[in-house]
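So that the names make sense, note that chain A is the first sequence line, chain B the second, and so on, each numbered from 1.
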There are 2 protein chains.
Amino acid sequence: MLTSGNQYVLGIDIGGTNLRLALADMAGGAIVAKWSSSTAGSRDANVIIDLIRSGAEELLRQADVPRSALKAVAAGAPGVTNVEAGIVVATSYLLGWRNVPLRDLLEAAFEVPAAVDNDVNLAAIGEYWAGAAKGVRDFVFLAVGTGIGAGIILDGKPFRGMDWSAGEIGYMLVPGVSDGVADTSTPGALEELIGGEGIRAEWRRRWSKGGTSLCKDLTATEIFDGAVSGDALARSILEQSARLLAYAIYNISLVLNCSLFLLGGGVGMHRALGDATRQELEKWRRHGNMQLIHSGLGVDAQLIGAVRLALDTANDRGGIAETAASKVERTFNATRRK
Amino acid sequence: MLTSGNQYVLGIDIGGTNLRLALADMAGGAIVAKWSSSTAGSRDANVIIDLIRSGAEELLRQADVPRSALKAVAAGAPGVTNVEAGIVVATSYLLGWRNVPLRDLLEAAFEVPAAVDNDVNLAAIGEYWAGAAKGVRDFVFLAVGTGIGAGIILDGKPFRGMDWSAGEIGYMLVPGVSDGVADTSTPGALEELIGGEGIRAEWRRRWSKGGTSLCKDLTATEIFDGAVSGDALARSILEQSARLLAYAIYNISLVLNCSLFLLGGGVGMHRALGDATRQELEKWRRHGNMQLIHSGLGVDAQLIGAVRLALDTANDRGGIAETAASKVERTFNATRRK
């Protein structure tokens, strides 16, 4: 299938715990190979770049693609990202990056055009391109993983905000969260209760030998599994998460007048969280037509968004005339370097 | 000053309790005469149109302007307004309009081009054109009056949302409000506590003969005056309003990544509310650079926004070459009929 004339792009999803790469064929945008690794303990951007480079080499080898056929790379980072300057302004407490010139680092490493964006924005772009929000011009992608964030598409374009931090809802104040002021280096009040780490911590806080037959050290998704199996404590934690998530969705829908919400991320993809949150949203049905569905691309959403950004980047700079990406309506101009 | 060759537009602010008109000179955009009346008890759109017509006649007479010199009218309505179709989809419980073709009614009444928008959007447009946010490309106008609402300017354009209801924050869920589901025909939970009527009701609920020396029947601004004078009960109500308003501002800033907020509306213009809310916002200074200032145009913001919309409407249809409005950057194209 792969001819020597084919050209490729690399999509990169840099997470707080995992690094994932996808090599995609520029002709059709199809992913031909994927690779992943842990980023745990690697806070240094240069260490991450080395990891990306060795993963890319592995992918090219796997897919039997020569290095010269790689035409662009694009990466999503878990934090505020200045798309125009190509700089990751700040990431969460897990990576702790400040003003990392990620685009320049990637261009130096691969010697091809590179682009960067916030990972949740890329997830939204991925869903708009090839997922559950295909062709929907206004929607919000909610990533519930270690932390929580929203990727906003308004009138068919990513809405990033004046300082690239639109949708940073981890600190949102809703009924039931502490309204004390948290430090910026710690998770926000909402995140503390519905982010993956927050759910684990809440479970451990409320766990007692007599209160549940489940063990004390569980992940958020294991706790949700327990809720589905009928454990009362797990159920109450699931319900709390769903209620707070519904509040956040409702508040976002009031501000943006958006009706479609996509739920994604490692914790968000759990079916039980979607079901329980939809039940909560039902209560406000008269106040607006909010629809919550799961991400169509699942844990790949960010990665596929990064592939799309890489395709756009290659087409903008490489001058390739006829590709799937160039035929797609070019709504993501803003993601490209000025 | 007024020559027979001058041309004029009419700006209209339809409120839940007051109707206000302004006649403006197209050459400079300056307001040459104003008129106002109560709308209390007039829920019928045709009655309001008659009131507008008689007010306009009075204004033209006052300013010695012939009827033929009026080139366009524009009105702001207190509710969800479909700007493209010229229809007021729904107003608050005070007017109770549903799908009123306000633009057509105005065009029939005046036989000149007309345009309509939500009143809070017009306030934001007014502030952007001639008020405290002149030239600021991203900001939110918060109208705190009988109810509360937000007019959002993003990248220099009004952001109205897919169903024209962006910024309808009266139902926002923040810590301290009831998270029970209110009926859509009643004020929202947030509005119940910080809207003018909500503040009055809260005062009456908490009032007791021994608890305060102030009387039981006060308006929201009188209660805030009482707070400034040192009344403890009034102070606690002011502080509650400020805290909840700060929560709403914080939530909006997280979603939109906006830093400038303008506080307006009959209740919002009270200096004490701005001061107390700024104090609350100080606590989150590390989380974002939120700035809260009072509206520069005060109670005229909506009306001046309506004048601006009328000027745009006249210039679009009337083909007048050289006016102040046509020289101003035409950022409000979206407000015009397609």
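When only modelled atom types and interatomic distance are considered, A:R206 and A:S236 share a side-chain donor-acceptor pair under 3.5 Å.
Here the closest heavy-atom approach between residue A:L95 and residue A:P78 is recorded as CD1-CG, 3.6 Å.
Between the side chain of A:H294 and the main chain of A:G268, a donor-acceptor pair closer than 3.5 Å is present. With hydrogens and angles disregarded, no donor-acceptor distance shorter than 3.5 Å links the side chain of B:D163 to the backbone of B:S165.
Considering only heavy-atom pairs separated by less than 4.5 Å from chain B, the leading option among A:A150, A:G176, A:G167 is A:G167. Annotation: maximal heavy-atom pairing with chain B below 4.5 Å, among A:I152, A:I252, A:L154, occurs at A:L154. Comparing A:D138, A:D155, A:I169 by heavy-atom pairs within less than 4.5 Å of chain B, the highest count is held by A:D138.
Contact of A:S253 with chain B is not made at all, since no heavy-atom distance falls under 4.5 Å.
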